[in-house]
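Reviewing the structure listed below.
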Amino acid sequence: MERDDIIEYSLDAHHSEEQGKKIRKKIWMVTLIMAVITAVEVYLGAAWRGLFPESWSVIKALFIVLTLVKATYIVMTFMHLGDERRNVRAMILLPYALFVFYLIWIALTESNYIERALQWFL
């Protein structure tokens, strides 16, 4: 008896085996790049503080940059933004970049304000 309630998505794939290999290779490459960047972040977080404790703010800034690099790469690859024209990419990514920089600015200025306010009350 054949079940008709199981959906087999692989039967709906409209590409050849060669194109499938190319897609899988791209996914593995993205996974490798993300793993390397994450390993660099973890290593820097674990080793840098012990080696150079006075420059911890450099690591924080580097984490933000590496996180933005990973997010941009994911958007360019999996959301197919890398296949779009340059102007379309800029039109989509620039507002997000401005928003992220605004959030960073707000986080930095508000954290300083809260620190000064706590010093004033305590």
Side-chain angles (χ1 to χ4, degrees):
M1 182 168 135
E2 189 172 323
R3 295 181 60 180
D4 59 349
D5 59 336
I6 298 175
I7 300 171
E8 182 61 40
Y9 291 104
S10 64
L11 297 177
D12 292 335
H14 301 290
H15 56 75
S16 65
E17 182 61 26
E18 189 172 306
Q19 289 174 328
K21 285 182 181 177
K22 189 176 177 182
I23 292 170
R24 287 189 292 274
K25 183 179 177 182
K26 185 177 181 180
I27 290 171
W28 278 110
M29 184 59 81
V30 170
T31 303
L32 179 68
I33 291 171
M34 293 296 136
V36 167
I37 292 174
T38 303
V40 167
E41 285 178 337
V42 170
Y43 174 74
L44 288 176
W48 192 274
R49 194 166 202 161
L51 296 173
F52 308 103
E54 65 277 353
S55 62
W56 186 241
S57 60
V58 173
I59 291 298
K60 289 179 183 177
L62 190 61
F63 282 167
I64 292 171
V65 170
L66 288 175
T67 302
L68 290 176
V69 166
K70 287 195 302 188
T72 303
Y73 194 71
I74 288 171
V75 167
M76 296 291 258
T77 303
F78 292 119
M79 298 177 79
H80 306 286
L81 197 57
D83 300 331
E84 296 292 335
R85 291 183 179 167
R86 185 177 177 195
N87 291 338
V88 174
R89 281 185 282 172
M91 190 171 66
I92 293 172
L93 288 178
L94 280 178
Y96 285 115
L98 290 174
F99 182 68
V100 167
F101 287 128
Y102 174 73
L103 289 177
I104 291 169
W105 180 77
I106 288 292
L108 293 175
T109 58
E110 290 298 320
S111 66
N112 287 336
Y113 174 76
I114 290 173
E115 182 181 346
R116 280 186 271 138
L118 287 176
Q119 287 176 352
W120 195 57
F121 284 113
L122 298 177

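Taking CG from D83 and CZ from R89, the interatomic distance works out to 9.0 Å, rounded to the nearest 0.5 Å. Taking CZ of F63 as the start and CG of L44 as the end, the distance is 6.0 Å to the nearest 0.5 Å. Remark: Y96 OH to L103 CG distance equals 12.5 Å, nearest 0.5 Å. One distance of note links CG of L62 with OG1 of T67; it measures 9.0 Å at 0.5 Å rounding. For the atom pair L93 CG and R86 CZ, the distance stands at 12.0 Å (nearest 0.5 Å). Note that NZ of K21 and CH2 of W28 are 16.0 Å apart. Values are rounded to the nearest 0.5 Å.
Side chain of T77 to main chain of I74: no donor-acceptor pair is present (N/O by atom type, distance under 3.5 Å, no hydrogens or angles). Of the possible donor and acceptor atoms, none in the side chain of E84 sits under 3.5 Å from a partner among the backbone N and O of L81.
Scanning all heavy atoms of the two residues, the minimum distance from P95 to A90 falls at CD-O, 4.1 Å.
Hydrophobic clustering (side-chain heavy atoms under 4.5 Å, transitive across Ile, Leu, Val, Met, Phe, Trp, Tyr) keeps V100 apart from M76. One hydrophobic cluster holds both M29 and I37 under the rule that ILVMFWY side chains link at heavy-atom gaps under 4.5 Å. Transitive grouping of hydrophobic side chains (ILVMFWY, heavy atoms separated by less than 4.5 Å) brings V40 and L51 into a common cluster. Cluster annotation: I27 is not connected to V75 through the hydrophobic network of ILVMFWY side chains, with a link wherever side-chain heavy atoms come within less than 4.5 Å. Transitive grouping of hydrophobic side chains (ILVMFWY, heavy atoms separated by less than 4.5 Å) brings I33 and V69 into a common cluster.
Partner of E41 under the side-chain contact (heavy atoms from CB on, under 4.5 Å) criterion, out of V36, I59, L66: L66 alone. When each of V30, L32, T31 is tested with M34 by the rule side-chain contact (heavy atoms from CB on, under 4.5 Å), just one qualifies, namely V30.
Sparse packing is recorded around CZ of F101, with 12 or fewer heavy atoms of other residues, nucleotides or ligands lying under 6.0 Å away.
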